[in-house]
Amino acid sequence: MATASETKATRRDFLYIATGAVGAVGVAGAAWPLISQLNPSASVLALASIRFDVSTVPEGSSVTILWRGLPVFVRHRTPEEIEAARAVPLSELRDPEGDEERVLEGHEEWLIMVANCTHLGCVPVGESGDFGGWFCPCHGSQFDTAGRIRRGPAPTNLVVPPYEFVSDTIVEIG
């Protein structure tokens with residue numbers, strides 16, 4: 001038979017465990033809404049992927065579309081622009097990436113990139129700068145015809161989002 005001191009110790013242990021469990025449940029209950037609010041909103045999830053008809057973009061021009069709230073350049077490159085991009089030695093690039101790595105095989109004439117400068121997020125101006133690609137007027141970053149950084153403070157190339165051609169003229173981004 002347990003003595004009175006052993007019984008009190010057992011009750012005290014139970015109270016410590018019960019208090020800790022209630023506290024842990026309370027912390028989890030308070031943290032759940034805080035963590036849940038970090039999830040993307042329904043409007044962002046609705047735009048998780050978009051389809052765009054590239055047949056509307058004439059050769060040598062580009063359009064800017066919106067994907068996940070970000071501007072995206074869709075450029076229909078000329079054979080001269082593709083040749084110029086492929087002729088650049090990788091040793092001259094700050095962020096070495098070949099033109100072939102930035103486009104899909106069989107669709108080399110289409111360059112699709114997030115239209116935010118990798119320096120501070122400005123939107124570069126197309127068909128300008130010393131390299132015939134994009135120029136960010138805010139801080140002077142210049143990108144070539146493959147969207148690779150060539151001059152200025154931008155640390156990396158323009159980002160190529162995940163995309164695929166679902167038909168000859170329809171591209172799905174995201």
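Proximity of I112 to I173: side-chain heavy atoms (C-beta onward) are separated by under 4.5 Å at one or more points. P71 has its side chain out of reach of V114: every pair of non-hydrogen atoms, C-beta onward, lies at least 4.5 Å apart.
With respect to the salt-bridge test (charged N to carboxylate O, under 4.0 angstrom), the residues R75 and E109 do not qualify. Salt bridge present: R51 and E172 bring a charged side-chain N and a carboxylate O closer than 4.0 Å.
Residues L93 and V160 are members of separate hydrophobic clusters, defined by side-chain heavy-atom contacts under 4.5 angstrom among Ile, Leu, Val, Met, Phe, Trp and Tyr. V63 and M113 fall within a single hydrophobic cluster, where Ile, Leu, Val, Met, Phe, Trp and Tyr side chains are chained together by heavy-atom contacts under 4.5 Å. Both V159 and I65 sit in one connected hydrophobic cluster of ILVMFWY residues. Membership requires side-chain heavy atoms under 4.5 Å apart, directly or through other members. Tracing side-chain contacts under 4.5 Å through hydrophobic residues (I, L, V, M, F, W, Y), one never reaches I35 starting from W32; they form parts of separate clusters. Both L104 and L111 are assigned to one and the same hydrophobic cluster, defined by single-linkage of ILVMFWY side chains at heavy-atom distances under 4.5 Å.
In this structure, S61 contributes its side chain and P58 its backbone to a donor-acceptor pair below 3.5 Å. Checking side-chain atoms of D99 against main-chain N and O of A85 turns up no donor-acceptor pair under 3.5 Å. Looking at E81, its side chain never comes within 3.5 Å of a backbone N or O of P79 through a donor-acceptor pair. H76 contributes no side-chain N or O that, together with a main-chain N or O of W110, makes up a donor-acceptor pair within less than 3.5 Å. Judged purely by atom type and a 3.5 angstrom limit, E101 uses its side chain to pair as donor or acceptor with the backbone of G98. Panel note: side chain R68, backbone S49; no donor-acceptor pair is recorded below 3.5 Å.
Summarising the geometry, atom CG belonging to L70 is positioned 7.0 Å from atom CH2 belonging to W67; distances are rounded to the nearest 0.5 Å. Atoms CG and CG, on N157 and D95 in that order, are 4.0 Å from each other to the nearest 0.5 Å. In this structure, CD1 on I82 lies 8.5 Å from OG1 on T145, to the nearest 0.5 angstrom. Put simply, NE2 on H107 and CZ on R77 are 13.5 Å apart, with the number rounded to the nearest 0.5 Å. For the atom pair CG (L15) and OG1 (T10), the distance works out to 11.0 Å, reported to the nearest 0.5 Å.
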Can you list, pair by pair, the side-chain donor-acceptor contacts under 3.5 Å of residues 131-143, counting residues two or more places apart and other chains?
from: S141; atom 1: OG; to: A154; atom 2: N; distance (Å): 3.1
from: Q142; atom 1: OE1; to: D130; atom 2: N; distance (Å): 2.7

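Partners of E100 according to the salt bridge (Lys or Arg N to Asp or Glu O under 4.0 Å) rule, which considers only residues two or more places apart in sequence or in another chain, are R86. Looking at residues two or more places apart in sequence or on another chain, you find a salt bridge (Lys or Arg N to Asp or Glu O under 4.0 Å) between E97 and R102.
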Legend entry - Intermediate values then yes/no, side-chain contact (heavy atoms from CB on, under 4.5 Å), V54 and F165: CA-CA 10 Å; V54 294; F165 279 85; 4.0 Å; yes
Inset, instruction - Start with the C-alpha distance between R148 and R94, add both sets of side-chain angles, then the distance that settles side-chain contact (heavy atoms from CB on, under 4.5 Å), and finish with yes or no. - result: CA-CA 8 Å; R148 300 172 297 194; R94 182 180 309 160; over 6 Å; no
